[in-house]
Each structure stands twice: as C-alpha cells, then as structure tokens.
Amino acid sequence: MKRALLTLTALALLATTAQARSWDDIKKSGTVRIATEGAFPPFNILKGKELTGFEVELAEGLARQLGLKVQWVTQPFDNLLIGLNQDRYDFVIASHGITPERAKAVDFASPHYCTGGAIVAKPGGPMTAAALAGKKVAVQVGTTYLENVQKVSGVGEVKTFPKDTDAQAALMAGRVDAWVGDKFTGLDLVKAQKGKVMQGALLFNERIGMAVKKGNTGLLKELNSALTKSLSDGSYAKLSGKYFGQDVRCR
Ligand code: ARG
C-alpha cells in the first residue's frame, strides 16, 4: 500500500514536467508507441516474441483505423504509468481500472471493457470476502486487487507479486489460501487447472481504460472515436467473442 501511494505521488509530480507527443506529432511520424505488460492473459501476453491478447489486438485495430503503425513497448505493470508520464510511449493499454487515484496522474479513455476482481481458491478454501478473514491472499502489486483485498475486514497477510501469473502460481503451490485477480483471468485459470481451483465471490467491479499522459486531449479524442467505431462496426464484438465467448464491453 505504502509503495503504491509513493508511486502515484511520484507520478503526479512527473506529470507536470516533460511534453507528450501531440496527436499531430504522432500522425506525422506514422507510428504510435503503445505500452503494455505482456504478462496478463488473456488481455496482453508475450508468447516468445509475439505479443498478443484481447487488448493487443484491440489496440492494433484502433491504430489501423487511425492510419498508424504500432511500436509496442513492454514494461512491468507497476512501471507503465510512470513511463507514460516520462513520454516513453504515447499510451498504455494494460487493463488499468479507472480509479480516482490513477485519474489524478493520467487521463483515461472511455472504458474498453468492464470486469471485476474475484477470489480463486482450492476446493475447501475461502470463497467469500468473509471467508478471507485470517487467510493469506496473493495479488499482483500495484493493482486494484491489492487495494480492494486490503479493504476486506480481518483479511490475513496480503502477499504481493510482480506478476499476476506469479500470484496464481503461489496459489497453485499452496503458499497462499487464495488469489484475487480479474474474473475472466480467473475463469481461464479454473479451466486450465481442471478442478484444482474454483472461482469464488466477486469482490468489486471495475471499468478498464487506456491511459494517455495527462492533458494529451488530442490523442485521447482520436482513441475514443476509434474505440466507438469498433464498438459499433462489429469488430469489437468479434474480437471479444474470440477471447471470451461473450461481449465484455461496458453496458
Ligand atoms: N485491473 C487491475 C487493475 O486495474 C489489474 C490490471 C493488471 N494488468 C496487467 N497488465 N497486469 O489494477
């Protein structure tokens, strides 16, 4: 918690210094620089040298619509918004929940999907918020899962991991009682582990958005209109169906 707060304060400070590339600069260069983590299946995942996932394909579709080539940058999740405010790339798409705290440091696009944070545990393990009392819970660092698990009254030790997949591995290895993560990621884990773990209660809901540097309104406008178009022309629905078997847009 302390670390997350410090990071966001640092972010707010950085936001006031360097200059982001404007929409005109990006358009002129012909290439947009997009950052993601690459370790958050099925949203963004680096498989060998290939970056793929729902968000990767979605962003590539938006860039195509805007007439731009894409240069991807991968960064640990916890560094993504910091790098954005240091102008190391133009926008971030990495399943960031739109929170008031983050919105102080960056500007969010309209949400590109809606989801929530859910508990996953082994059969017999904690399946509700109340059952987390006194239990050891694994979460990825810098996430809304961490924030929300810490709010659960009586929760035991909350262990943070640099990657979400490491937090899942801790659950599988029996080093924690539960893992809290994205509800769709959780469904995939349950499927992959064939009954070794189960999904429990949803702890909170969230809207997920791409982030641009604070004040980069030109780029934000272009991203939003490209997203609106993909939501209405069927391309979003097709992509969502491919990854989730359902439409994950916010309603
Ligand atoms: N939705 C959660 C949040 O807003 C988790 C995002 C994690 N993203 C990732 N690429 N690991 O914090």
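For ligands, and for the atoms within them, numbers begin at 1 and follow the listed sequence. Values below: all heavy atoms of this structure, side chains included; hydrogens, waters and symmetry mates excluded.
- For the pair W179 and L189, the minimum side-chain heavy-atom distance is below 4.5 Å.
- With ring centers used as reference points, F244 lies under 6.0 Å from F54.
- The closest side-chain heavy-atom distance from F43 to I208 is not below 4.5 Å.
- Checked against a 3.5 angstrom limit, the closest N/O atoms of E206 and ligand 1 fall inside it.
- The protein heavy atom nearest to atom 11 (N) of ligand 1 is E37 OE1, 2.6 Å.
- Residue-ligand proximity, R102 to ligand 1, at heavy-atom distances under 4.0 Å covers atoms 3 (C), 4 (O), 12 (O).
- Where the criterion is an N or O separation shorter than 3.5 Å, residue side chain and backbone included, T143 fails it with respect to ligand 1.
- The residues K242 and E57 are annotated as salt-bridged, a charged nitrogen and a carboxylate oxygen being separated by less than 4.0 angstrom.
- For Y145, every heavy-atom contact with ligand 1 shorter than 4.0 Å involves the side chain, none the backbone.
- Among all protein heavy atoms, the one lying closest to atom 3 (C) of ligand 1 is T144 OG1, 3.1 Å.
- Protein heavy atom in closest approach to atom 8 (N) of ligand 1: A94 O, 2.9 Å.
- Ligand 1 is approached by N44 to a heavy-atom distance shorter than 4.0 Å.
- The line from CG of D90 to CD1 of I26 is 3.5 Å long, rounded to the nearest 0.5 Å.
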Can you check side-chain hydrogen bond (donor to acceptor under 3.5 Å, both in side chains) on S235 and D233, steps first, answer last?
CA-CA 6 Å; S235 48; D233 71 5; 2.5 Å; yes
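- Two rings, from F91 and F108, have their centers 6.0 Å or more apart.
- Partner H112 forms a side-chain hydrogen bond (donor to acceptor under 3.5 Å, both in side chains) with one of E55, R249, R207 and no other, that one being E55.
- The H96 neighbourhood of ligand 1 comprises atoms 4 (O), with distances under 4.0 Å to a heavy atom of that residue.
- Each of the following atoms of ligand 1 lies closer than 4.0 Å to a heavy atom of I208: 1 (N).
- Closest to atom 4 (O) of ligand 1 among all protein heavy atoms lies G97 N, 2.7 Å.
- For atom 6 (C) of ligand 1, the candidate residues are S95, G116, A39, G53; the nearest heavy-atom contact is made by S95.
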